[in-house]
2 protein chains.
Amino acid sequence: MTAPLHQAHPAGSGRALPDTQQGMRRRNLARVMHTVSAEGPLSRAAVASRIGLTRAAVSTLVDELVRSGLLQELGPERPGRVGRPGSALAVSGHGPAGIGAEVGVDHLAVCAVDLRGEVRARAVRHGANRGRSPAPVIEELTGLVRRVVAEAQGQGLWPAGLAVAVPGLVARDARTVVRAPNLDWHDTDLGGLLPVGIPLTVDNEANFGALAELWLGEDTPRDFLHVSAEIGIGAAVVVDGRLLRGTRGFAGELGHVPVRPDGPECPCGGRGCLEQYAGEEAVLRAAGLEPGEDRVGLLAGRAEDGDEDVRGALRDAGEALGIALTGAVNLLDPESVVLGGALSGLSPWLLPSLQAELARRTAGPACPVTVSRLGPEGPLLGAAHSVVRGVLDDPASVAERV
Amino acid sequence: MTAPLHQAHPAGSGRALPDTQQGMRRRNLARVMHTVSAEGPLSRAAVASRIGLTRAAVSTLVDELVRSGLLQELGPERPGRVGRPGSALAVSGHGPAGIGAEVGVDHLAVCAVDLRGEVRARAVRHGANRGRSPAPVIEELTGLVRRVVAEAQGQGLWPAGLAVAVPGLVARDARTVVRAPNLDWHDTDLGGLLPVGIPLTVDNEANFGALAELWLGEDTPRDFLHVSAEIGIGAAVVVDGRLLRGTRGFAGELGHVPVRPDGPECPCGGRGCLEQYAGEEAVLRAAGLEPGEDRVGLLAGRAEDGDEDVRGALRDAGEALGIALTGAVNLLDPESVVLGGALSGLSPWLLPSLQAELARRTAGPACPVTVSRLGPEGPLLGAAHSVVRGVLDDPASVAERV
DNA sequence: GCTATTTCGTCATGGCCGTTTACAAATTAG
DNA sequence: CTAATTTGTAAACGGCCATGACGAAATAGC
């Protein structure tokens, strides 16, 4: 198994595959898969012209991929143009599947996604996980995973890997949850707790959310900043289509960017961190509400009803977000900023002040701010898709396993 | 010519070389060059074991590189171990040279660096360029370039490219200076003004400074934040050994990160930007000094002499830098922060408050802050080396030109 | 309806490139 | 002085993509 670049925590950073004919072959197999996956049913000739190889070379690559069950021959295309019609190729719907899982504060979710990107099975369990110790939660999650895997297998799929999204900081080993304040987990190695016989990857939910946006969003650029919030405020930086992780894997801690350096103290040790103004707890307090079950829904509902306290609190939060994002945008020059997770539901009341602040502090045109279409589904889908992308990135690695 | 990844503004982001046998060959030539360049004189066998190819394959690659004048055979190694001693290979000192140039506010400088990384020729001209129109300045620079090129040629070198560092924002075409406030240049295409018959690249001096740090610094990590200042404050973000440029090429504008959102107005339109606290002008004003010739030297001198006003101003600037860097570090999780350019000379008085602020606002161990060893030489060396790296990254592209 | 044209997929051939295997050369160990 | 070890090179081999030719299947023109 070679670790593709976008995988949760790539081991090395150099070229993964050795530069020998075999590596070349593997990379070309990957290019065929990516092309077919991205541009729908395509003939061998179309693929060849797109990736710059000859029809003959693509033919042998396709043969290999069809034999491995990764590509499917759909039969002759509808002839619209002159010449013999090609034989349409599509990504197989019966090959490997990516299993995505999410440990939320209030729920567990698992889904299976096939190579085509379709969700083929899912399972959810609601109920607060806050404060429960990791072992029983993971045990419950394992049950859901088994159910989803079984259901996928019933449809002719086989699990190629499991990716778990957690609301917390994950070490670069892609297995250990270093700190998940909202679950009260510390230094928990999920590798030992999830006894599923398939490759495991663990990552921050914000990271998976950003990847989902990158892969599934429409017109998502290759350089953007994805901001999300469950309770803390997390950001993910995508540069040139790849996640920026940082040395320890902690990049994107937008919540503790100083907004007002002399502001209220923050548990992190700093003062006036963004989380003190735009964190869920802070917004609820400013709105005069008590923390409860569906906090985001509550805020959205009150704001919708015209509650001025809530609206004001969200306006202030948007302003603080705008200040913090001004710094981030100046530093990174992204093509856009995408609001995801809980923020997408509250965007109608956050956006105006956020954008105003950003525009006011920017010389020239301000960085466009958009709202994720995926909403709360992002992290789960991103996790499952990360496994699928792993297969697309190196088809040879799974072809052996068929 | 293929654009290597670290080059000023790579055209595309995908794999540069096509995945065919020829591309493979080219990449393997590059790997041989990089290995020999990085690890000193090495035998063919040693190179082979390092890059994972066989001795036979490396032999043919080396032959080609020697014939092109990029590698040099130094003769048999001193035999310390059992077995036939290898024949030492070293990067040639008579092949291509990188020409670096710098347009500073108070000076012009040009140098030539060979493949071994040694400076083989240089020329400097002092005198204020502030407010002069681009044409005469560039004409003067061209003269220096011609002199340095001639001197290098006299030593058996030939110029492979010219890289120019400017104190301002450069568009992604790597030729146009969009805005250089300290020179008062706007939308100036240096490509038309520099009629030297070799490939031209223009980039921000902060970017080149960061690259110099990456390539020449000792123990510089592959993920760091390089902060420098001439008059504005610029940062360069290096991720995984590559410069982060941003969509428009404007990444790293640390100077306009909000430090105190309600602070003094800034020409950029914002309020309380870092530059209002730690910019050269602001520091001079706070120290009660007038802007003059050698401003940095003046500040350092007074601080050295114990001038409390100056020390206080620098302390405050360090504090503001610390606040801005806290945000950047939270967002990027770099392995270290490196202070370069003018900041390195003032570091004794900036560092204490900067580090204190950073540590106070960080949970866990704070990001280490170091001072560049290169100082004001960084941008010029980085520019010249960027050309050299371009050759190492694709030796085949220049081998044709011999 | 028939032929020429265009495009698709495949096959045989050839060239490029790293590997394998073998061997001579140059050194150390005993 | 011999055995062992390591280096560099040469020849044969195998993998992989390119080239060129060919049959198949559609359209375009008459």
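Predicted model, so just to flag it, every value in this text is computed and none were measured. Proteins get letters first, then strands, A, B, ... in listed order; numbering begins at 1 in each.
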For nucleotides 19-29 of chain D, 5' to 3', base contacts (B), sugar-phosphate-only contacts (S) and non-contacts (-) with protein non-hydrogen atoms under 4.0 Å give B---BBBBS--
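- Judged as a side-chain hydrogen bond (donor to acceptor under 3.5 Å, both in side chains), the pairs with a partner in residues 38-48 of chain B (not counting sequence neighbours) are, in order, Glu39(B)-Arg50(B), Arg44(B)-Glu73(B).
- The distance from atom CZ of Arg31(B) to atom P of dC17(C) is 16 Å, rounded to the nearest whole Å.
- Distance Arg26(A) CZ to dC17(D) C1': 19 Å, rounded to the nearest Å.
- The distance from atom CD of Glu77(A) to atom C1' of dT7(C) is 11 Å, rounded to the nearest whole Å.
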Scan nucleotides 12-16 of chain D against the protein and return all N/O pairs shorter than 3.5 Å with their distances rounded to 0.1 Å.
from    : atom 1 : to       : atom 2 : distance (Å)
dG14(D) : N2     : Gln21(A) : NE2    : 3.1
dG15(D) : N2     : Gln21(A) : NE2    : 3.4
dC16(D) : O2     : Gln21(B) : NE2    : 2.7

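- In this structure, Arg44(A) places its CZ atom 17 Å from C1' of dC17(D), rounding to the nearest Å.
- Under the 4.0 Å criterion applied to side-chain N and carboxylate O atoms, Arg245(B) and Asp203(B) are assigned as salt-bridge partners.
- No hydrogens or angles considered: a donor-acceptor pair under 3.5 Å links the side chains of His34(A) and Asp393(A).
- Protein atom CG of Leu61(A) is 14 Å distant from nucleotide atom C1' of dG9(C), rounded to whole Å.
- Within the 4.5 Å cutoff, the side chain of Glu77(A) has no heavy atoms near those of the Pro41(A) side chain.
- Rounded to a whole Å, the CG atom of Asp19(B) is 19 Å from the P atom of dC16(C).
- Here the side chains of Leu243(B) and Leu214(B) are not in contact, with every heavy-atom distance at 4.5 Å or above.
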Would you check, one step at a time, whether the test salt bridge (charged side-chain N to carboxylate O under 4.0 Å, His left out) holds for Arg27(A) with Asp19(A)? CA-CA 10 Å; Arg27(A) 284 190 299 272; Asp19(A) 241 330; 2.9 Å; yes
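- For the OP1/OP2 pair of dT10(C) and a distance below 4.0 Å, the side-chain nitrogens and oxygens of Ser59(A) include at least one atom meeting the criterion.
- Between Ser92(A) and Val66(A) there is no side-chain heavy-atom pair separated by less than 4.5 Å.
- Atom P of nucleotide dT7(C) and atom CG of Leu42(A) are separated by 16 Å, given to the nearest angstrom.
- Residues Leu200(B) and Val164(B) have side chains in contact (heavy-atom distance under 4.5 Å, counting atoms from C-beta outward).
- For the pair Leu70(B)/Leu115(B), a side-chain contact is recorded, criterion being any heavy-atom separation below 4.5 Å from C-beta on.
- Along DNA chain D, the nucleotide closest to Thr60(A) and the one closest to Ser43(B) are compared, and the more 5′ of them pairs with Ser43(B).
- Per the geometry, CZ belonging to Arg78(B) stands 15 Å off P belonging to dA26(C), to the nearest Å.
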